[in-house]
Amino acid sequence: MKATACLRREYGALLLCLAAFVVIFVLRYMDNLEFQPKSTIIMVDHQPVSTHPQMNRSFCTFQPLSPEDALEERLILDSTAWPETPLLPAPISLEQISDPAHSNFTILPGRKGGEWHVGDQLEVMIQTSDFQGRPKKSGGDFLLARLHNRKLEAGVVGQVVDHLNGSYAAVFSLLWEGDAQVEVTLVHPGEAISVLNRLNREQPDRMYYKSLFRSGSLSETTLCHVCLRPTPQLLCNYTDLRTGEPWFCYKPKKLSCDARINHFRAGSKENLLNANEEKLFQSGVNLKVYIWASGPTNVTVLPQKEGQPQVKNSNVTSGPSGYYYQGVWRALGGTTVHKFNASAISQCLKGKVVHMYGDSTIRQWFEFLNATLPGLKEFDLHSLKRSGPYMSLNNANNMLVTYRCHGPPIYFHPISTRELRYIANELDDLVGGPNTVVVLGIWAHFCTFPMEIYIRRLQSIRKAVVRLLDRAPDTLVVIRTGNPRALNLFVSLTNSDWHTLQFNKVLRAMFKGLNVHLIDAWEMTLAHHLPHDIHPPPPIIRNMINHVVSSICPQNGG
């Protein structure tokens, strides 16, 4: 009995030692783990989730991806990578930064001693220099190029090639007879692009959002975002059940997560830049400033010769999507754009249902149709002015046009939570068919976010577009790209043309090969002589609408 009792005591001690060893091992293993939000925030019914710093070290929450989507994301990110620029000097001095006043461009000779014909390509060499007048030795500057003739109301965008050594080429297709003047603009020096990249990496929450929570006489407002910095405060999880799109708010102290009633943009953070970085974003100095020519700025284009082959330049991989002539946009390849008057647009849309989804640049199209088509009357849904939703009817022509903004992030304020809809879900609820037109435009509200969030939103929308076209292949889907806008310091840090350019690259890659119609708002704005605006002026919008209507009724015009 004594021996048995001794053995039991030793066996028990051994079990205790083993248990202690296991506990120590697990604790050490857990201490080395990096807990990501996607593994800790898993509740989907608006319940609180812990955001203690030890449990959430990455404050942006990304939707989990399949292996195929993850590979696509990596390839797209690689394809949009911007050339690296040298490290910024500390403290920052403009001496080594690209200066448009010291930079210049030169028109290279034509193939026959300065003679150009329609169908040729014009090449321009651009040499950037710093504020000391010394030629730059690195690339990465953001340049825009345009060829235009104001009298003919003609314009086309040039394709800019970065040689990564301070020199660039701008290549233009010569598409009309007569004079053609070259225009080159430095939007940002490469060093400013480095700052924009840093901000999206380190300050993705610089534009912040809030929601109002209310129950009875109690009300509270808390911060909301995809990128919420870790605090001991609990989170309300508003991840969409169908798309998986994440969105979170800090939980109110006295109210439940179900008491959320609206969404709005609350403002933006200040003091985002390091010492003297504002020097990189000075209007009239190095922010969207013309670069002057070292010689002539224009050429005379002669008629195309009979049997003349089109000249192609090995520096560029693609040509322009279209050009203006006599103020009318002419698409190159794909849809032939007709000029429609109000009566012809109404006739084309007869019996059609047009659903528009996106930001305010799509809402602008809805407003244009409302103001242009005499028989189209808006039905009062008692919606808020900017956020919608909107609906207009033409009973005589059996025509319906709707607009709904995309889901968060969205700048409009305030929006009822009942009106927060994701585009993918809206598309999945459509029947589609030959009388259904879907118009999409989503870009401007994502500029302060990591590119991965925009890519995943587009992946979700693309899958819904594919499902729609599978069940109703004769549905017309139209997608609008982003456009350049007027820039100042604030806009540059939150919604720069550089952000838009990158988003357009992603958008094109995402929908390449699908049966959708792309409206190139970027080139349609950049090629026009009117000033850039987040909401392009009416002549540009009219050309965009002509392009859309030409896609719906390719044989008509008026």
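None of these values were measured; they are calculated from a predicted model.
- The minimum heavy-atom distance linking Leu373 with Ala342 is given by the pair CD2-O, 3.5 Å.
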With ring-ring contact (aromatic ring centres under 6.0 Å, His included) as the criterion, how do Trp443 and Phe503 come out once you've worked through the C-alpha distance, each side chain's angles and the decisive distance to 0.1 Å?
CA-CA 7 Å; Trp443 58 281; Phe503 283 168; 8.1 Å; no
Report task. Starting from the C-alpha separation in whole Å, work towards a yes-or-no answer on side-chain hydrogen bond (donor to acceptor under 3.5 Å, both in side chains) for His263 and Lys210. Result -> CA-CA 6 Å; His263 162 94; Lys210 289 185 178 181; over 6 Å; no
TODO: With side-chain hydrogen bond (donor to acceptor under 3.5 Å, both in side chains) as the test, would you mind laying out the steps for Asp240 and Thr243 before giving the verdict?
DONE: CA-CA 6 Å; Asp240 185 69; Thr243 65; 2.9 Å; yes
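- For the atom pair Leu400 CG and Ser392 OG, the distance stands at 8.5 Å (nearest 0.5 Å).
- Between the side chains of Thr361 and His535, no donor-acceptor pair is found at a separation under 3.5 Å.
- Checked against the 2.5 Å cut-off, the SG-SG distance between Cys236 and Cys249 does not fall under it.
- For Arg480 and Asp359, the salt-bridge test fails: no basic side-chain N is under 4.0 Å from an acidic carboxylate O.
- Using a cutoff of 4.0 Å between basic side-chain nitrogens and carboxylate oxygens, Arg462 and Glu72 are scored as salt-bridged.
- Taking the six-membered ring wherever Trp is involved, the centroid distance between the rings of His406 and Tyr422 does not fall below 6.0 Å.
- Shown here for Ala472 and Gly433, the closest heavy-atom pair between the two residues is CB-N, 3.5 Å.
- A salt bridge links Arg404 to Glu419: at least one charged side-chain nitrogen sits closer than 4.0 Å to a carboxylate oxygen.
- When all heavy atoms of Val401 and Met356 are compared, the closest pair comes out as CG1-CE, 4.3 Å.
- Leu223 CG to Asp205 CG: the interatomic distance, rounded to the nearest 0.5 Å, is 9.0 Å.
- Ring centers of His445 and Phe412: under 6.0 Å apart, within the cut-off.
- For the atom pair CZ of Arg508 and OG of Ser79, the computed distance is 13.0 Å after rounding to the nearest 0.5 Å.
- Gln347 and Lys350 form no side-chain donor-acceptor contact under 3.5 Å, judged by distance and modelled atom types alone.
- Between Asp69 and Arg74 there is no salt bridge, since no side-chain nitrogen of the basic residue lies less than 4.0 Å from a carboxylate oxygen of the acidic one.
- Across Trp82 and Asp141, no two heavy atoms sit closer than the pair CZ2-O, 3.8 Å.
- Taking both residues in full, the closest heavy atoms of Tyr403 and Ser387 are given as CE2-O, 4.2 Å, listed atom of the first, atom of the second, then distance.
- By the 30° and 60° cut-offs, the orientation of the rings of Trp247 relative to Tyr209 is perpendicular.
- What you find for Arg471 and Leu427 is that their closest heavy atoms are NH2-O, 2.7 Å.
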request  = Just do the side-chain contact (heavy atoms from CB on, under 4.5 Å) check on Thr525 and Met544 with the steps written out, would you?
outcome  = CA-CA 10 Å; Thr525 303; Met544 292 180 183; 4.0 Å; yes
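- Side-chain atoms of Ser496 and His188 form a donor-acceptor pair, as typed in the model, at a separation below 3.5 Å.
- The pair Glu367-Arg363 meets the salt-bridge criterion, since a charged nitrogen lies less than 4.0 angstrom from a carboxylate oxygen.
- Counting only N and O atoms by type, the side chains of Thr500 and Asp497 include no donor and acceptor under 3.5 Å apart.
- Side-chain contact annotation: Asn262 with Ser416, donor-acceptor N/O pair under 3.5 Å absent.
- The aromatic ring centres of Trp176 and Tyr325 sit 6.0 Å or more apart.
- When ring centroids are compared, His499 and Phe449 stay outside the 6.0 Å threshold.
- With no hydrogens or angles considered, a side-chain donor-acceptor pair links Ser211 and Arg260 at under 3.5 Å.
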**OP:** Report the C-alpha distance between Asn341 and Ser343 in whole Å, list the side-chain angles of each, state the deciding distance to 0.1 Å, and finish with yes or no for side-chain hydrogen bond (donor to acceptor under 3.5 Å, both in side chains).
**Re:** CA-CA 6 Å; Asn341 57 31; Ser343 175; 4.6 Å; no
| field | Check against side-chain hydrogen bond (donor to acceptor under 3.5 Å, both in side chains), Ser321 and Asp520 | value | CA-CA 7 Å; Ser321 64; Asp520 195 338; 3.0 Å; yes
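- Arg242 and Asp429 are joined by a salt bridge, as a carboxylate oxygen and a charged side-chain nitrogen come within less than 4.0 angstrom of each other.
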- Could you please spell out the steps behind the salt bridge (Lys or Arg N to Asp or Glu O under 4.0 Å) verdict for Lys151 and Asp179? CA-CA 9 Å; Lys151 289 184 178 179; Asp179 287 343; over 6 Å; no
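- Paired with Val438 under the rule side-chain contact (heavy atoms from CB on, under 4.5 Å), one option of Val353, Leu476, Leu430 passes, and it is Leu430.
- Counted by atom type alone, His338 and Ser550 present zero donor-acceptor pairs between their side chains at under 3.5 Å.
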